[in-house]
Amino acid sequence: ASGIADNLLLTTYLSARCPVAVAPAMDLDMYAHEATQQNLRTLARRGVHIVEPGEGELASGLQGKGRMAEPDAIAAFVGGLLREKKKSLAGKRLIVTAGATIEAIDPVRFISNHSSGKMGYAIAGELADRGACVTLVTGRTELPTPAGVERVDVLSAAEMYDAAVRAFEGSDGAVMCAAVADYTPADYHDDKVKKKDGDLSIPVERTPDILGTIGPQKTHQFLCGFSMETKDLVENSSAKLAKKNLDMVVANNLKGAGAGFGVDTNVVTFITPDGTRELPLMSKADVADAILDEILKRRSL
Ligand code: PMT
């Protein structure tokens with residue numbers, strides 16, 4: 001309350017921008033003292049949440065009010081504070097795409113990529129935790145559906161395009177994390193293509209660009225795309241921001257350690273019309289959290 005910061009806990013508190021809860025614990029007379037009570041009132045006025053101490057036997061052997069609240073009660077209180085923050089997207093409808101698309105050549109073979117869906121699923125889960133109504137348009141993955149998320153399974157880029165464009169109508173925004181194939185075989189063979197002597201060429205054609213379609217059409221929606229590069233990350237990703245009329249691009253370099261496909265971590269750079277912000281190596285859950293914080297900082301959805 002007086003701003004003295006001579007230990008790790010208090011320096012942390014003075015720097016904290018998150019909700020803060022304090023659970024006072026001391027002997028009954030100390031707790032009842034006007035100095036303590038005034039300090040608690042000062043903290044409460046500044047927005048600090050007070051978890052009241054319990055009554056009962058104290059360390060001194062005396063009986064009274066001053067026992068630290070039960071750890072379970074403190075944990076439940078803090079959980080409540082976090083949920084309050086997280087329900088900030090209640091009533092909003094968001095679309096997330098995740099995972100890899102599969103472009104069939106014949107009943108046996110396909111063209112795809114290494115996306116596991118982890119990054120997109122983390123975003124969908126975080127959005128649902130914050131109270132949003134989420135449609136997750138997903139390529140094939142092994143991942144369980146995050147709690148509270150509506151999941152639409154697709155295989156090809158064309159199927160993902162149909163599902164995502166349909167869901168985007170009437171939504172408040174989208175985060176497009178899927179690794180969508182840019183090319184698909186021009187012809188699908190109903191029967192297995194038989195092996196012959198010599199080489200084989202498979203003609204491919206462009207797939208429909210989901211972001212390239214909804215970007216120019218968007219009205220009030222917030223549109224966040226991803227960008228996967230192996231070189232010139234910022235330059236190439238900034239070009240996507242303008243070309244696809246996006247509000248934000250989350251760029252990742254597949255060659256960075258701990259970044260990209262399959263792993264539980266990522267290293268991303270946020271690119272917005274205002275500039276770029278590099279984030280350190282983080283878990284995909286924390287990256288998802290940071291993306292949503294950045295979106296909400298830029299726009300109330
Ligand atoms: O799934 P994980 O294993 O966790 O890996 C995460 C990830 C590496 C797949 C993810 O972090 C990521 O980078 N996703 C975007 C992959 C990608 O396709 O990037 P791109 O630069 O090729 O495409 C740019 C944007 O256009 C992306 O938002 C993409 O979803 C979108 N796109 C691409 C092609 C297409 N036909 N339609 C699209 O909308």
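Side chains are part of it too, since the values below use all heavy atoms of this structure and drop only hydrogens, waters and symmetry mates. Index from 1, following the sequence. One-based numbering, in listed order, for ligands and for the atoms of each.
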Interfacing atoms of ligand 1 (cut-off 4.0 Å, heavy-atom, [X]):
X: L211; answer: 25 (C), 26 (O), 28 (O), 31 (C), 38 (C), 39 (O)
X: K284; answer: 2 (P), 3 (O), 4 (O), 5 (O)
X: M119; answer: 4 (O), 6 (C), 11 (O)
X: K244; answer: 26 (O)
X: G117; answer: 1 (O), 2 (P), 3 (O)
X: N266; answer: 11 (O)
X: T207; answer: 36 (N)
X: K118; answer: 1 (O), 2 (P), 4 (O)

Which residue and heavy atom of the protein sit nearest [atom], plus the separation:
atom: atom 25 (C) of ligand 1; value: F226 O, 3.1 Å
atom: atom 37 (N) of ligand 1; value: I210 N, 3.1 Å
atom: atom 1 (O) of ligand 1; value: S115 OG, 2.6 Å
atom: atom 21 (O) of ligand 1; value: K240 NZ, 2.6 Å
atom: atom 32 (N) of ligand 1; value: V180 CG2, 4.0 Å
atom: atom 36 (N) of ligand 1; value: P208 O, 3.0 Å
atom: atom 14 (N) of ligand 1; value: C177 O, 2.8 Å
atom: atom 16 (C) of ligand 1; value: A178 O, 3.6 Å

Hey, are Y121 and T138 close enough side-chain-wise for a donor-acceptor pair under 3.5 Å?
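Checked: T138/Y121 side chains pair up, N/O donor to acceptor below 3.5 Å.
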Could you tell me whether [X] approaches ligand 1 through its side chain, its backbone, both or neither, with non-hydrogen atoms closer than 4.0 Å?
X: A100; answer: neither
X: N252; answer: side chain
X: V268; answer: neither

For the residue pair E229 and N253, establish whether any side-chain heavy-atom pair is separated by less than 4.5 Å.
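No; the side chains remain at least 4.5 Å from each other.
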Check this for me - ligand 1, G262, N or O atoms closer than 3.5 angstrom, yes or no?
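N/O-N/O distance below 3.5 Å exists for this pair.
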When you measure from atom 34 (C) of ligand 1 to each heavy atom in L254, T101, D182, T141, which option holds the nearest one?
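Considering heavy atoms of L254, T101, D182, T141, the nearest to atom 34 (C) of ligand 1 sits in D182.
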Would you please test K65 and E52 for salt bridge (Lys or Arg N to Asp or Glu O under 4.0 Å) and show each step?
CA-CA 9 Å; K65 189 163 182 180; E52 290 259 322; 2.6 Å; yes
Please check if the side chain of S237 supplies one atom and the backbone of S227 the other of a donor-acceptor pair under 3.5 Å.
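Side chain of S237 to backbone of S227: no pair is present.
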When you measure from the side chain of D106 to the backbone N and O of K192, does any donor-acceptor pair fall under 3.5 Å?
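No, D106 side chain to K192 backbone: no donor-acceptor pair under 3.5 Å.
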Any carboxylate oxygen within less than 4.0 angstrom of a Lys/Arg side-chain nitrogen, looking at [X] and [Y]?
X: R140; Y: D153; result: no
X: E126; Y: K284; result: no
X: E294; Y: R277; result: yes

Return all side-chain donor-acceptor pairs below 3.5 angstrom for residues 176-186, not counting sequence neighbours, or 'none' if the list is empty.
from: T184; atom 1: OG1; to: E103; atom 2: OE1; distance (Å): 2.8

Acceptor/donor pairs from residues 16-33 side chains to any protein atom, 3.5 angstrom cut, sequence neighbours excluded:
from: D27; atom 1: OD1; to: S60; atom 2: OG; distance (Å): 2.7
from: H33; atom 1: ND1; to: A35; atom 2: N; distance (Å): 2.9

